[in-house]
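Structure record follows, encoded as structure tokens.
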Protein chains: 2
Amino acid sequence: MKEQLVKFESEFSIDCVIFGFEAGELKILLIERKNEPFMDWLALPGDLVENDEGIEEAAERILHQLTGLHDVHMEQFHTFGAVNRHPRGRIITVAYYALIRIDSQRELKAGQFAKRALWHSVNDLPKLAFDHTEIFKTGFNKLRRRLSYQPIAYELLPEKFTLTQLQQLYEAILNKKLDKRNFRKKMLSYGFLKELDEKQKNVSFRAAKLYKFDRRKYSKIFQSEMGVDVDI
Amino acid sequence: MKEQLVKFESEFSIDCVIFGFEAGELKILLIERKNEPFMDWLALPGDLVENDEGIEEAAERILHQLTGLHDVHMEQFHTFGAVNRHPRGRIITVAYYALIRIDSQRELKAGQFAKRALWHSVNDLPKLAFDHTEIFKTGFNKLRRRLSYQPIAYELLPEKFTLTQLQQLYEAILNKKLDKRNFRKKMLSYGFLKELDEKQKNVSFRAAKLYKFDRRKYSKIFQSEMGVDVDI
DNA sequence: GCTTATTGTGTAAAAATTACACCAGTATAA
DNA sequence: TTATACTGGTGTAATTTTTACACAATAAGC
């Protein structure tokens, strides 16, 4: 094998599609790039992977740097490795998505390569830098599919939420209207929603009951019913 | 940024879980390693990705080198990047699965790093080299899940097949018995199975009707019904 | 107390899924 | 030729799940 001397540079990166839900809209976290290439464009947050770092760790690090959050469930969904996806040369990127509760109090840290970070609705996204539009679309599709067999919606909502909020979130992700009565019937039939003795506050109309997601009941019910991911 | 001089070596590889179906059993294609580490162990076929090669291309190349097949549908399912997954140092691997029709006539080429290649039932796999057991399990689970919303079984069967063969394949993948009458009713109700005027030959019992998968009808029926992977 | 906006609820029809058993056809052996 | 062994092929009823659909109850703001 011929030995070649090259400037060492990590050839992989992580890109993150970070979903949040606010004001009835599904949003993702984007950064505005400070440098070329794609200066001033919006892009998915991401970074190169360090040499002594696993890819899961790297994904968590990036999310933490941006939001200050720890222990958020992230899920890898695809790896993009077309030869020319990056003008700087061959960079393979592993894409993750995360679901977080948007807290408008929390300050977003843009990091050294970005002018700023912002929440942007998934509905009227402009063209993103690199192949990030494709990455986003792929991630959004995985999220949709996953919603049908995992209770991921609860990671996007505040701890206490109303059934209407839950329904709006499903509608935002699936991009279609759902029937209110059937939706509530179905959700309640699962048995892992816990009705609280509390109601919405500060609304100028009839306040709705609050619910929370009962993780314990969920795992009891679904320990092996969804049955597909069982070990072999 | 400090410039470091290092011997260049690709840091990614591709590993393939190649499924086939033969004698009522689901099998995968394995190689027996010729060199250390893990000499003589069974492993998934894989290789480093060349610098001027996209990851999809690399996956196709590996499959082609092994089986001589072209144009096989491959699907990426996960990327494994734990720091210590490979004793040689940091190697991130992108895993693909492929579904092929086992043709016992076709010779398998083991390639320069393997003593031989073989089909092995998924049911009594020994421990595989590196983290390949984990990779296999992950891929098998994805295959199962995918079976429920895509007609992938047809890629594993010969062009003409009986309903019993189709059912055995489903049973092998899902690892459970299915009811014959309900299974047939359901499959036929989809409308993309074409009944042929032909029967099984050389069997020592009543010969079954042969069917084939009608790809055209399938896409007509499911153009947007499965609706989830639509563009945004 | 009137208006306005949203919550919360039930039933009937249709569709999909499940459970279940026996006769028909072909090859082989007696 | 007859019997045997084996697999192919078929229908119905009960249950469960999904869908479609409309109005009274409640709270806030005026």
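Just so we're on the same page: letters track the sequence lines, and every chain starts at 1.
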**Item:** NZ or CZ of R144(B) within 45° of F140(B) ring axis and under 6.0 Å
**Value:** yes
**Message:** For a quick check of understanding: with a heavy-atom distance under 4.0 Å over all strands, which category does T164(A) fall into, base, sugar-phosphate or nothing?
**Reply:** sugar-phosphate
**Asked** With a 6.0 Å cut-off on ring centres, are F213(B) and F161(B) close enough?
**Response** no
**Message:** Quick check for you: among dA20(D), dT18(D), dG9(D), whose closest atom lies nearest to any side-chain atom of N182(A)?
**Reply:** dA20(D)
**Complete:** Considering only heavy side-chain atoms of K185(A), the closest of dT19(D), dT12(D), dC20(C) is dT19(D)
**Asked** Which whole-number value in Å describes the distance from Y211(B) OH to dG8(D) C1'?
**Response** 10 Å
**Request:** Output, in order, the C-alpha distance, side-chain angles, deciding distance and verdict of side chain to side chain contact (heavy atoms under 4.5 Å, CB included) for L108(B) and L29(B).
**Result:** CA-CA 9 Å; L108(B) 297 172; L29(B) 196 43; 3.5 Å; yes
**Item:** Interatomic distance, M187(B) CE vs dG8(D) P [rounded to whole Å]
**Value:** 16 Å
**Message:** Looking at dA27(D), I'd like to know if its phosphate oxygens (OP1 or OP2) sit under 4.0 Å from a side-chain N or O belonging to S204(A).
**Reply:** no
**Message:** I need the NZ-P distance between K180(B) and dA19(C), as an integer number of Å.
**Reply:** 17 Å
**Asked** Looking at the side chain of R206(B), which of dT18(C), dT26(C), dT7(C) is the nearest nucleotide?
**Response** dT26(C)
**Item:** Under-4.0 Å side-chain N/O to phosphate OP1/OP2 contact, R181(A) with dA20(D)
**Value:** no
**Asked** Hey, what do you get for NE2 (H70(B)) to NE2 (H64(B)), rounding to the nearest 0.5 Å?
**Response** 3.0 Å
**Complete:** Whole-Å distance, N202(B) CG to dT26(C) P, equals 15 Å
**Message:** Need one value for K186(A): base, sugar-phosphate or nothing, where a base atom within 4.0 Å counts as base even if backbone is also close, heavy atoms only.
**Reply:** sugar-phosphate
**Message:** Measure CZ/R184(A) against P/dA20(D) and give the value in whole Å, please.
**Reply:** 19 Å
**Complete:** note: D179(B), atom CG; dA16(C), atom C1'; distance rounded to Å ~ 14 Å
**Message:** Judged by each residue's nearest nucleotide on DNA chain D, which is more toward the 5′ side, F205(A) or Q200(B)?
**Reply:** Q200(B)
**Request:** Pick out which of F38(A), W41(A), F80(A) makes a ring pair (Phe, Tyr, Trp, His ring centres under 6.0 Å) with F130(A).
**Result:** F38(A)
**Request:** Side chain of K199(B) only, please: which of dT26(C), dA19(C), dT10(D) is the nearest?
**Result:** dT26(C)
